[in-house]
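Everything on this sheet refers to the single structure shown next.
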Amino acid sequence: MQKGLAGLKRTNYCGELTKSDVGNTVTLMGWAAKNRDLGGVLFIDLRDRTGMVQLVVNERAKDGIFERAEGVRSEYVIGIEGVVRLRDAETVNKNISTGEVEVVVNSLVIYSKSQTPPFYIEEDSDTNEQVRLKYRYLDLRRPDMQKNIILRHKACKVVRDYFDKNGFLEIETPMLIKSTPEGARDYLVPSRVHNGAFYALPQSPQLYKQLLMVAGMDRYFQIARCFRDEDLRADRQPEFTQIDIEMSFVDIDDVIAVNEGMLVDVFHEIMGVKIETPFERLPYDEAMERFGSDKPDTRFGLELINVTDIAKGCGFKVFADAEASGGSVRAINVKGGADKLSRRDLDSLVDFVKTYRAKGLAWVIITKDELKSPIAKFLSTDDVNSIIQRAGAVVGDVLLFVADKDEIVFDALGNLRLEIACRLDLIDKSKFNFLWVTDFPLLEYDDEQKKYVAKHHPFTSPKDEDVELLDVDPLKVRAKAYDIILNGTELGGGSIRIYDSNLQKKMFSLLGFSDEEAHKRFGYLLDAFKYGTPPHGGMAYGLDRLMMLLTGSNSIRDVMAFPKVQNASELMTNAPDIVDRKQLMELGIKIVSNE
RNA sequence: GGCCUGGUAGUUCAGUUGGUUAGAACGCUAGCCUGUCACGCUAGAGGCCGAGGGUUCGAGUCCCUUCCAGGUCGCCA
C-alpha cells in the first residue's frame, strides 16, 4: 500500500553529486537502474532526470536494509538516506558524472515495485520503435530521450526570452476555429450546440495573428500547436508545434533581422555555436536553377548545369523532345565519379530518379579516350565537347542527365544531388549553412484544378514592383515571401502580408473565389481590413524540425513526448478509437462505412 | 492510393535446398559470491515463427490474402 514519502525528503538529485558533497548526509529518490549483488556487498545505480549515482549497501547494515536492498529490481522506485563517500582511486567510474563518489545507504524505502520492463532503460536503445512507443513512459526514461525533451524546453525558453526582450507579446489563439478548406486537410470537431456544424483545429494561427496586428498588438508570438490531416513522414506529424511570429510596420528586412537574432540566441544557448549574420539570401529562381530545390543544402557542390541549348539539336530523341515540349535537359557532374560509382550504382540511381517521376537518367562516364555511355552514339563530337566544357568535366568525371518538364528535372536532380552527396559522403556535418530563399512566385498554376493557387498562402503580399503584373502575367509575380533553410531543411517561412482589402479581394479573385465565396470564408478578415490595418508580416518555424536538427535526431518523433505513428494513431493510448453511440447521438453524427 | 524494407523468446537477431525436438546473446527466475559498475559462476524457465488460407508426405522457409511498423512518392495553401 502507498505510504507517502515514508518520512524522507529529497535533498539532492542523483546526477549532481560531486566530490564537494563528500561527508554530507543526503536523501535521494529515483529508479533503480541496476542491482549488482556481490554477496556481502551490493551496489544499486540510482537514476533520476539528472543522471545516476552508485549506492552501496553492506551486509552488516542495520535494520534489514541489506535484505531489502537485495530485493530491489530494475526500475523499482526507491528513496534512500545515506552518506556521500569518496571512492577509492581504483574504483572510480569515469563513465558517469558522479563516478568519483558513492552513497553509503543508511535507510531505504521501496516506494513502488516494477514489472520487468519490456526493454532496457539505457542510452542508444536499439529496440523497435513500435515497442518503445507502446511503452512511451519507459522510453522517455532513457537518458537520450530525457536529454531531447529537456533541450526542447530550453530552446522554448530561449525563444520566449528573446521575443520578450524584443517587445513581443505571447498571445494564445483559439484551437476551435472556422474551417478554411484551402491548403491541408482540416481536422474537424463536431459542435454539440450547433447540430451539423463543425469547428476545425488550426493548421496555423495565420488569420488570428493578422487580426492581432489589426488590433494594435504590434508584435505577437506564440509557441502554437497546429494540426494538419495529411500523411505522416519522418519529419511530419499530424499535430506539431510552430514558433509563430507577427510584426506590424515592417518590411522583409525587418522580419529577417529579428529572426536571425532569434536563431543566433538559440544556437548560442543550446549548441554553444556562434553563427554569423546576416545569412546569405538566394532568390527562388536561382535556388531552383543551381540546386533544383527551394530548400537547397549548400554544404556541397554538385550544382545543376543547364545543357538544353546544346542537347536540343542532338540525335537523342528524349533530349530533343524535352526541349521541344518546353522542358529542359540538365546535368550534374560527379567529380571523380568514374571510380566511385559502379555500373550497379548507376542503375540504382536510375531507379532513384524514377521515384520523382523522371522517365530515366542518362549517364556519361568520361574516360581518357572515349565516352562510356548508353547515349554516346547519339552525341556528336561537338555536342560532347560543348557539354564537357560547360560542365567543367575532366577525365574520371561522371555526368548525369535528366530531360523532362522543368518541374520534374528540378525535383529529380535536386534529390539526386542529395542522394549522391550522402552516398559519397560529401557533406561536412560540422557546418551550419543558414540561407534565406526569397522572391518566391506568388502563384502557381494547378493543372488538375485548372486554376491558380497560392504558393505560400492567399494573404501573402506581391512585391511592390510586381503588383501591376497581377493583371497581365500572374505567374510572373514574385511574393514578399521568404523561407529560412538550414543545411537543406526548411526551418520556417513567412511573408509580408496584404493589408489592403482591395488587394486582398483581387488576390481572392485570382485564386478563383467569387466575391460571395471570399466573403463567406474570409469576410471577417476583409471587414477587419476596412478599419485601419498596419502593414505587417511574420514568420513561422517548425519547432519540431528545429529540435530534430539541434539534437541530431533522425525523426521528429524523437523530439516529441508522445508522437503518433505513420497511420496517425498513438500506440500507447490507442487513439483514435470508436466512441459510445450516446456521444455520437448528442453530436447528431451517424457513421457511414467507407466501403 | 502506389513503391520499397521488415515482423521468429521479454529485447536484439540467426535459422542452409522445404526435412527430426526452432537456436544465440542480453534480459528474467533460483542458488553462490565483500569492490562491482556490461560484475562473475552454476542451474532453470521462457516460442500461436504477426494473422488467415493454399501448395506439399512434410512449411519459420514456397504461393495468395490480410494486419502491424518503418522509409518514400502522391498529398502537406
Side-chain angles (χ1 to χ4, degrees), chain A residues 33-46 52-61 66 70 73-75 85 87-96 98-99 102 104 115-135 138 180-186 203-204 206-207 226-238 240 348 351-358 408 411-412 415 419 440 442-444 446 448-449 451-460 479 481 490 493 495 507-508 511 542 554-555 557 564-567 569 571:
Chain A
K34 202 94 192 184
N35 185 341
R36 288 180 297 278
D37 186 348
L38 272 61
V41 64
L42 70 83
F43 304 95
I44 292 171
D45 289 332
L46 189 67
M52 224 146 56
V53 69
Q54 174 168 280
L55 310 180
V56 195
V57 186
N58 195 285
E59 68 178 343
R60 293 191 302 265
F66 187 78
E70 275 188 309
R73 299 284 187 264
S74 289
E75 302 310 312
R85 177 167 82 182
R87 295 201 200 185
D88 292 339
E90 62 270 22
T91 63
V92 165
N93 183 353
K94 293 193 184 70
N95 298 322
I96 58 174
T98 60
E102 62 192 7
V104 183
Q115 293 184 13
T116 302
F119 52 89
Y120 327 135
I121 310 300
E122 61 176 0
E123 196 129 9
D124 300 323
S125 169
D126 55 0
T127 302
N128 189 311
E129 214 177 339
Q130 202 172 345
V131 181
R132 287 174 49 203
L133 289 173
K134 181 171 178 200
Y135 301 94
L138 297 179
T180 50
E182 290 289 286
R185 208 173 285 119
D186 278 329
Q203 295 178 27
S204 82
Q206 183 61 37
L207 291 170
C226 304
F227 304 85
R228 295 181 188 175
D229 186 4
E230 298 292 347
D231 286 348
L232 288 80
R233 287 287 186 282
D235 63 352
R236 260 164 42 189
Q237 284 270 313
F240 61 100
S348 76
D351 288 337
F352 178 82
V353 298
K354 283 182 180 165
T355 60
Y356 299 95
R357 291 170 295 164
I408 292 176
D411 201 19
N415 283 294
E419 175 71 11
F440 281 83
L442 185 70
L443 299 163
E444 287 176 311
D446 184 323
E448 260 177 43
Q449 299 182 63
K451 66 181 195 92
Y452 295 118
V453 293
K455 174 105 182 158
H456 185 54
H457 57 51
F459 319 105
T460 301
E490 182 195 329
S495 63
M507 186 69 181
F508 284 142
L511 294 171
N554 292 321
S555 154
R557 295 184 296 275
K564 293 178 175 54
V565 298
Q566 196 165 38
N567 67 12
S569 64
L571 296 180

Next on the checklist: Run the salt bridge (charged side-chain N to carboxylate O under 4.0 Å, His left out) test on A:Arg236 and A:Glu230 for me, step by step, so that the C-alpha distance in whole Å, both residues' side-chain angles and the decisive distance to 0.1 Å come before the verdict.
Outcome noted: CA-CA 9 Å; A:Arg236 260 164 42 189; A:Glu230 298 292 347; over 6 Å; no
Next on the checklist: With a 3.5 Å limit on both atom pairs, tell me what B:rG40 is paired to, counting Watson-Crick and G-U wobble, or say none.
Outcome noted: B:rC32
Next on the checklist: Stacking between A:Phe119 and B:rU11, defined as ring centres under 5.5 angstrom apart with planes under 30°, is that present or not?
Outcome noted: no
Item to check | Passing option when A:Phe66 is tested against A:Asn58, A:Val41, A:Leu42 for side chain to side chain contact (heavy atoms under 4.5 Å, CB included) | outcome: A:Leu42
Checklist entry - Has the side chain of A:Arg132 got a donor or acceptor atom sitting under 3.5 Å from an opposite partner on the base of B:rU11? => result no
Checklist outcome for this item: Contact string for nucleotides 71-77 of chain B, one letter per nucleotide 5' to 3', B = base within protein heavy-atom range under 4.0 Å, S = sugar-phosphate only, - = neither, reads BBBBBBB
Checklist outcome for this item: Rounded to whole Å, CD of A:Glu102 lies from P of B:rG35 at a distance of 13 Å
Checklist entry - With rounding to whole Å, what would you report as the distance between B:rC49 and B:rC33 at their P atoms? => result 42 Å
Item to check | Nearest-angstrom distance from the residue atom CD of A:Glu70 to P of B:rU36 | outcome: 18 Å
Checklist entry - Mind checking what makes ring pair (Phe, Tyr, Trp, His ring centres under 6.0 Å) contact with A:Phe352, not counting sequence neighbours? => result A:Tyr356
Next on the checklist: Does the structure show a Watson-Crick or G-U wobble partner for B:rG19, both distances under 3.5 Å? Name it, or say none.
Outcome noted: B:rC57
Checklist entry - On a whole-Å scale, what distance lies between the C1' atoms belonging to B:rC63 and B:rG18? => result 13 Å
Checklist outcome for this item: Separation of B:rG50 atom C1' from A:Lys134 atom NZ, nearest Å, is 13 Å
Checklist entry - In whole Å, what separates the P atom of B:rG27 from that of B:rU66? => result 41 Å
Next on the checklist: Around atom CG of A:Asn554, are there more than 12 heavy atoms from other residues, nucleotides or ligands closer than 6.0 Å?
Outcome noted: no
Checklist entry - Any N or O donor-acceptor pair linking the side chain of A:Tyr120 to the base of B:rG10 at under 3.5 Å? => result yes
Item to check | Interatomic distance where OH belongs to A:Tyr135 and C1' belongs to B:rU11 [whole Å] | outcome: 12 Å
Item to check | Integer-rounded Å distance: B:rG50 P and A:Gln130 CD | outcome: 13 Å
Checklist outcome for this item: Taken to the nearest whole Å, CD/A:Gln237 to P/B:rA69 is 13 Å
Next on the checklist: Heavy-atom count check: over 12 atoms from other residues, nucleotides or ligands less than 6.0 Å from A:Lys455 NZ?
Outcome noted: yes
Next on the checklist: Just checking A:Glu90: does its CD atom have more than 12 heavy atoms from other residues, nucleotides or ligands closer to it than 6.0 angstrom?
Outcome noted: yes
Next on the checklist: Using Watson-Crick or G-U wobble geometry with both distances under 3.5 Å, which nucleotide pairs with B:rU65?
Outcome noted: B:rA51
Next on the checklist: Using the side chain to side chain contact (heavy atoms under 4.5 Å, CB included) definition, which of the options A:Ile44, A:Asp45, A:Leu46 pairs with A:Gln54?
Outcome noted: A:Asp45
Checklist entry - Considering only heavy atoms from C-beta outward, does the side chain of A:Met507 approach that of A:Leu442 to under 4.5 Å? => result yes
Next on the checklist: Any heavy-atom pair between the side chains of A:Phe440 and A:His456 that's under 4.5 Å?
Outcome noted: no
Item to check | Rounded C1' spacing from B:rG35 to B:rA69 in Å | outcome: 44 Å
Checklist entry - Roughly how far apart, to the nearest Å, are B:rG44 and B:rU36 at atom P? => result 29 Å
Next on the checklist: Please classify the nucleic acid contact of A:Glu59 as base, sugar-phosphate, or nothing, using heavy-atom distances under 4.0 Å.
Outcome noted: base
Item to check | Whole-Å distance separating the CG atom of A:Asp126 from the P atom of B:rG27 | outcome: 13 Å
Checklist entry - What is the nucleic acid contact for A:Arg87, judged by heavy atoms within less than 4.0 Å: base, sugar-phosphate only, or nothing? => result base
Item to check | Summary of protein contacts for nucleotides 38-43 of chain B, nucleotide by nucleotide, where a base hit scores B, a sugar-phosphate-only hit scores S (4.0 Å, heavy atoms) | outcome: SB----
Checklist entry - With rounding to whole Å, what would you report as the distance between B:rC68 and B:rG47 at their P atoms? => result 26 Å
Checklist entry - In whole angstrom, what separates A:Ile121's CD1 from B:rG27's P? => result 14 Å
Next on the checklist: Using the C1' atom as the point on both nucleotides, what is the distance between B:rC28 and B:rG46, in whole Å?
Outcome noted: 9 Å
Checklist outcome for this item: Ranking B:rU11, B:rU36, B:rA30 by distance to the side chain of A:Arg73, first place goes to B:rA30
